[in-house]
There are 2 protein chains.
Amino acid sequence: MNEFGRYVREKREQLLQSDKSFSLRQVAGRIGIEPTYLSKIERGGLAPPSEQVVLKLAHELGENPDILLAIGGKVSQELKEIILQRPELMADLLRQIKDMPEHAILRIVREVKDGDW
Amino acid sequence: MNEFGRYVREKREQLLQSDKSFSLRQVAGRIGIEPTYLSKIERGGLAPPSEQVVLKLAHELGENPDILLAIGGKVSQELKEIILQRPELMADLLRQIKDMPEHAILRIVREVKDGDW
DNA sequence: TTTAGTGTGTAGTAATTACTACACATGAAT
DNA sequence: ATTCATGTGTAGTAATTACTACACACTAAA
């Protein structure tokens with residue numbers, strides 16, 4: 001269940017090997033939380049922190065924010081707002097592509113990107 | 001700000017005109033909440049209720065659940081989970097189509113629907 | 001050998017979420 | 001005239017979220 005803590009600890013310790021400033025205390029300091037709190041989170045004793053903290057953590061550790069949020073079971077407010085602006089449309093779209101293979105969705109993303117719409 | 005309450009009250013009162021069983025008390029009873037609570041919500045004195053209650057309300061009032069949730073500022077757990085299963089892909093897709101006109105997205109939805117993938 | 005930095009255990013808390021319970025006044029039905 | 005159903009005001013609360021503060025033990029450096 002506590003994927004998030006394990007993942008953060010592993011990543012932080014990797015970085016720590018080549019840069020002493022990635023101690024738990026210093027990272028906690030830079031992202032503005034108490035070391036105790038980060039310790040608990042990494043050890044799985046507490047739930048993942050707020051979106052704001054996860055985003056700072058992702059930035060600090062060089063991780064993809066969307067992925068780190070997802071590991072913590074969260075969807076960013078940014079994405080929620082995209083859905084909230086056109087809920088029916090987005091809901092239909094998401095349900096349509098839900099079971100599509102990755103490559104098919106990627107094709108859509110790319111078509112849309114260089115799209116002629 | 002309190003779109004949700006106004007919307008629900010209006011819809012409920014519409015239904016009430018042709019069906020006496022859409023009184024505040026009876027609707028509250030059927031969806032399993034206290035009349036006081038529904039009253040406050042409709043008058044905008046309280047935040048929209050939980051996803052579960054919004055869904056029951058949508059069903060009761062014959063409203064689109066995704067839309068009613070959105071009016072209440074919520075994205076359903078169902079949609080969140082679709083995103084959480086492939087966060088990077090879905091985040092990219094949503095950001096791509098965010099500013100596209102409705103008809104272009106609808107085209108994608110349809111293409112995907114009858115798609116050859 | 002004291003100082004500095006490390007991680008962690010225990011305890012507590014402020015804010016928010018999602019409600020319930022009681023009491024009351026008004027209007028319609030019997 | 002009384003019962004019934006309506007909506008609503010006030011008050012309170014249990015659960016969850018998102019943390020902080022203090023204290024301690026261990027290790028490495030000066």
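Keep in mind the model is a prediction, meaning the values are calculated, not measured. Every chain is numbered from 1 and lettered A, B, ... according to where its sequence line falls, protein lines coming before strand lines.
Salt-bridge formation is detected for the pair A:Glu78/B:Arg95: a Lys NZ or Arg NE/NH1/NH2 atom is positioned less than 4.0 Å from an Asp or Glu carboxylate oxygen.
Between B:Lys20 and B:Pro48, the residue anchored nearer the 5' end of DNA chain C, judged by the nucleotide with its closest heavy atom, is B:Pro48.
For the OP1/OP2 pair of D:dA18 and a distance below 4.0 Å, the side-chain nitrogens and oxygens of A:Lys74 include at least one atom meeting the criterion. The phosphate of C:dG7 (OP1 or OP2) has a side-chain N or O of A:Arg12 nearer than 4.0 angstrom.
A donor and an acceptor atom, one from each side chain of A:Gln77 and A:Glu81, are located under 3.5 Å apart. Judged purely by distance below 3.5 Å, without hydrogens or angles, the side chains of B:Glu10 and B:Gln14 never pair a donor atom with an acceptor atom.
Note: CD (B:Glu51) to P (C:dA18) measures 10 Å, nearest angstrom. Rounded to whole Å, the distance from CD on B:Gln52 to P on C:dT17 is 17 Å. Taking atom CD of residue B:Gln26 and atom C1' of nucleotide D:dT6, one finds them 10 Å apart after rounding to whole Å. Summarising the geometry, the separation between CD1 on B:Ile41 and P on D:dT8 is reported as 12 Å, rounded to the nearest angstrom. The nearest whole Å value for the distance from the CZ atom in B:Phe22 to the P atom in D:dA5 is 18 Å. Atom P of nucleotide C:dT8 and atom CZ of A:Arg25 are separated by 10 Å, given to the nearest angstrom. One can place CD of A:Glu42 at 13 Å from C1' of C:dT6, the figure rounded to the nearest angstrom. Protein atom CG of A:Leu57 is 15 Å distant from nucleotide atom C1' of D:dC19, rounded to whole Å.
Listed candidates were C:dC19, C:dT8, D:dC19. Nearest to the side chain of A:Pro49 is D:dC19. Distances were taken from every side-chain heavy atom of A:Glu34 (C-beta onward) to each of D:dA21, D:dA18, C:dG7; the shortest belongs to D:dA21. Listed nucleotides D:dT8, C:dG7, C:dT10 differ in distance to B:Arg9; the shortest reach to its side chain belongs to D:dT8. Looking at the side chain of B:Arg43, the nearest of the listed nucleotides C:dT20, C:dT10, D:dG9 is D:dG9. Checking D:dC19, C:dG9, D:dT8 against every side-chain atom of A:Leu46, the shortest atom distance belongs to D:dC19. Closest to the side chain of B:Ser50, out of D:dT8, D:dC19, C:dA18, is C:dA18.
A donor-acceptor contact under 3.5 Å links the side chain of A:Thr36 to the base of D:dC22.
Remark: A:Leu89 CG to B:Glu102 CD distance equals 5.0 Å, nearest 0.5 Å.
In this structure the side chain of A:Leu57 never reaches within 4.5 angstrom of the side chain of A:Arg12, judged on heavy atoms.
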